[in-house]
Novice: 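This is the structure I have questions about; it appears just below.
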Amino acid sequence: MLLFSRQGKLRLQKWYTPLLDKEKKKITRELIQIVLSRQSRMCSFVEWRDLKIIYKRFASLYFCCAIEEQDNELLTLEIIHRYVELLDKYFGNVCELDIIFNFEKAYFILDEFLIGGELQDTSKQSIPKAIEEADMLQETMEEYMAKPTF
């Protein structure tokens, strides 16, 4: 999954297949160029190499996934939409700056939602609950670490 701005700046990337960094950069550049060159009224599905590229623009960010030929495009579009809903719920109307300054949390939310590129949980309640519990654990650890030891 790739998240990038309208200017082509990569904001988040998650790879579920092992590739060399050089190859990742080349693919990323190519995909960003393909998606940004398309008109807004064009279909959100693009055939590329032996994959299908599914993308959706929300505000100033593009969310892009590459799937295999046999995978369902509409399900992938729904996964993108659900991820945006989770980000919106956490950040309160997510924007590009939220992703830039809180990229760890954006990755954490994505990891709670997808594991190995496969949908882990579809519940709108359980994922935010897991995120809230992780935030509480982090706050507890920060308080514990801030206490002086004698």
Side-chain angles (χ1 to χ4, degrees), residues 1-139 142:
M1 178 171 294
L2 300 176
L3 269 71
F4 52 91
S5 68
R6 287 185 294 175
Q7 292 77 33
K9 299 276 187 188
L10 186 64
R11 298 302 181 201
L12 182 136
Q13 62 179 330
K14 185 72 174 184
W15 297 84
Y16 297 105
T17 55
L19 295 169
L20 297 172
D21 284 343
K22 187 177 179 180
E23 184 68 20
K24 287 180 184 179
K25 287 179 184 178
K26 181 181 175 193
I27 291 170
T28 300
R29 233 184 354 260
E30 202 172 321
L31 289 179
I32 289 173
Q33 184 180 15
I34 289 169
V35 170
L36 290 178
S37 67
R38 293 176 60 84
Q39 303 273 330
S40 62
R41 295 203 183 263
M42 293 177 99
C43 178
S44 295
F45 309 148
V46 179
E47 302 231 352
W48 177 75
R49 297 186 185 175
D50 59 341
L51 300 172
K52 292 184 273 189
I53 307 305
I54 314 300
Y55 69 93
K56 182 77 174 149
R57 180 178 162 197
F58 291 94
S60 64
L61 286 173
Y62 284 91
F63 293 73
C64 180
C65 292
I67 61 172
E68 295 173 346
E69 286 290 325
Q70 69 272 13
D71 290 335
N72 188 329
E73 301 95 341
L74 295 177
L75 179 61
T76 305
L77 209 52
E78 184 59 33
I79 287 171
I80 291 171
H81 186 75
R82 182 61 56 93
Y83 182 51
V84 172
E85 285 179 338
L86 291 168
L87 291 172
D88 274 344
K89 188 166 190 164
Y90 184 80
F91 292 112
N93 199 12
V94 69
C95 67
E96 189 175 347
L97 290 176
D98 292 324
I99 302 295
I100 292 170
F101 293 116
N102 299 293
F103 65 91
E104 307 95 352
K105 195 53 70 174
Y107 276 114
F108 180 79
I109 293 169
L110 185 60
D111 290 340
E112 281 294 314
F113 184 51
L114 296 175
I115 291 185
E118 298 294 328
L119 187 61
Q120 174 186 321
D121 194 352
T122 59
S123 171
K124 286 188 178 181
Q125 287 79 34
S126 66
I127 295 172
K129 186 178 180 198
I131 295 164
E132 184 180 324
E133 289 171 358
D135 283 347
M136 287 175 55
L137 179 64
Q138 183 179 3
E139 288 172 16
E142 286 172 357

Novice: Hey, is the main chain of E69 close enough, under 3.5 Å, to the side chain of K52 for a donor-acceptor pair?
Specialist: yes
Novice: Mark yes when over 12 heavy atoms from residues, nucleotides or ligands other than Q70 sit less than 6.0 Å from its CD; otherwise mark no.
Specialist: yes
Novice: Are E30 and K25 ion-paired here, with the side-chain N under 4.0 Å from a carboxylate O?
Specialist: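 No salt bridge links E30 with K25.
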Novice: Taking C-beta and beyond as the side chain, do E133 and M136 meet within less than 4.5 Å on heavy atoms?
Specialist: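 Heavy-atom side-chain distance check fails, nothing below 4.5 Å.
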Novice: Would you name the heavy atoms of C64 and F4 that are closest together and state the gap between them?
Specialist: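 Minimum heavy-atom separation between C64 and F4: CB-CE2, 3.9 Å.
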Novice: One pair to check against salt bridge (charged side-chain N to carboxylate O under 4.0 Å, His left out): K89 and E132. What are the steps and the verdict?
Specialist: CA-CA 11 Å; K89 188 166 190 164; E132 184 180 324; over 6 Å; no
Novice: With a cut-off of 6.0 Å (strictly less than), are more than 12 heavy atoms of other residues, nucleotides or ligands near CD of E104?
Specialist: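 Count over threshold, so yes.
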Novice: In terms of relative ring orientation, are Y55 and Y62 parallel, tilted or perpendicular, with 30° and 60° separating the classes?
Specialist: tilted
Novice: Begin with the C-alpha distance, continue with both residues' side-chain angles, and end with the deciding distance and a verdict on side chain to side chain contact (heavy atoms under 4.5 Å, CB included) for E112 and K129.
Specialist: CA-CA 10 Å; E112 281 294 314; K129 186 178 180 198; over 6 Å; no
Novice: Measuring from atom CD of E142 to atom CG of L137, what distance do you get when rounded to the nearest 0.5 angstrom?
Specialist: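 E142 CD to L137 CG: 10.0 Å, rounded to 0.5 Å.
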Novice: In Å and rounded to the nearest 0.5 Å, what is the CD1 to NZ distance from I131 to K105?
Specialist: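 Separation between the atoms: 7.5 Å.
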Novice: Work out which heavy atom in L19 is nearest to a heavy atom in K24; give both atom names and the distance.
Specialist: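 Between these two residues, the closest heavy atoms are O-CE, 3.4 Å.
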Novice: Going by atom types alone, do D135 and Y90 pair a side-chain donor with an acceptor below 3.5 Å?
Specialist: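 Judged by distance alone, the side chains do pair up.
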Novice: Look at atom NZ of K56 and say whether more than 12 heavy atoms of other residues, nucleotides or ligands are closer to it than 6.0 Å.
Specialist: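 It does not: K56 NZ has 12 such atoms or fewer within range.
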Novice: Is the backbone N or O of S40 less than 3.5 Å from a side-chain atom of R38, with the two atoms forming a donor-acceptor pair by type?
Specialist: no
Novice: With heavy-atom distances below 4.5 Å as the criterion, would you say the side chains of Y83 and I79 are in contact?
Specialist: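 No, too far: nothing below the 4.5 Å cut-off.
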Novice: Using a 6.0 Å cut-off, check whether atom CD of Q33 has over 12 heavy atoms from anything other than its own residue.
Specialist: no
Novice: So which atom in C65 and which in T76 form the shortest heavy-atom distance, rounded to 0.1 Å?
Specialist: CB-CG2, 3.7 Å
Novice: Atom CG of L36 and atom OG of S5: how far apart are they, to the nearest 0.5 Å?
Specialist: 7.5 Å
Novice: Using modelled atom types and a 3.5 Å cut-off, is there a donor and acceptor pairing between side-chain atoms of N102 and backbone atoms of I99?
Specialist: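 No.
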Novice: Taking CZ in F103 as the centre, count heavy atoms belonging to other residues, nucleotides or ligands within less than 6.0 Å. Is the count above 12?
Specialist: no
Novice: Any heavy-atom pair between the side chains of L2 and L12 that's under 4.5 Å?
Specialist: no
Novice: Once rounded to the nearest 0.5 Å, what's the spacing between atom CZ of F113 and atom OG of S126?
Specialist: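 One finds 10.5 Å between CZ of F113 and OG of S126.
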Novice: Just wondering, do L3 and M1 contact through their side chains at under 4.5 Å, heavy atoms?
Specialist: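 In contact.
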Novice: Taking atom CG of L20 as the centre, report whether more than 12 heavy atoms of other residues, nucleotides or ligands fall under 6.0 Å from it.
Specialist: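 Count not over threshold, so no.
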Novice: Knowing that exactly one of L87, N93, D88 qualifies, which makes a side-chain contact (heavy atoms from CB on, under 4.5 Å) with F91?
Specialist: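 Single side-chain contact (heavy atoms from CB on, under 4.5 Å) partner of F91 among L87, N93, D88: L87.
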Novice: For residues L114 and Y16, determine if any side-chain heavy atom of one lies less than 4.5 Å from a side-chain heavy atom of the other.
Specialist: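 Contact flag for L114/Y16 side chains = yes.
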Novice: Report the distance from atom CD1 of I127 to atom CD1 of I109, rounding to the nearest 0.5 Å.
Specialist: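 Atom-to-atom, I127:CD1 and I109:CD1 are 9.5 Å apart.
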Novice: Of all the heavy-atom pairs spanning A66 and I53, show the shortest one and how long it is.
Specialist: CB-CD1, 3.7 Å
Novice: I want to check something: taking the side chain as every heavy atom from C-beta on, are V84 and L61 in contact at a cut-off of under 4.5 Å?
Specialist: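 Not in contact.
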Novice: For a salt bridge (charged side-chain N to carboxylate O under 4.0 Å, His left out) check, start with the C-alpha distance between K14 and D111, then their side-chain angles and the critical distance, and finish with the verdict.
Specialist: CA-CA 9 Å; K14 185 72 174 184; D111 290 340; 3.0 Å; yes
Novice: Side chain to side chain contact (heavy atoms under 4.5 Å, CB included), that's the test. Do F63 and H81 meet it? Break it down for me.
Specialist: CA-CA 9 Å; F63 293 73; H81 186 75; over 6 Å; no
Novice: Nearest 0.5 Å, what's the CD-CD1 distance between Q13 and I27?
Specialist: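 Between atom CD of Q13 and atom CD1 of I27 there are 10.5 Å.
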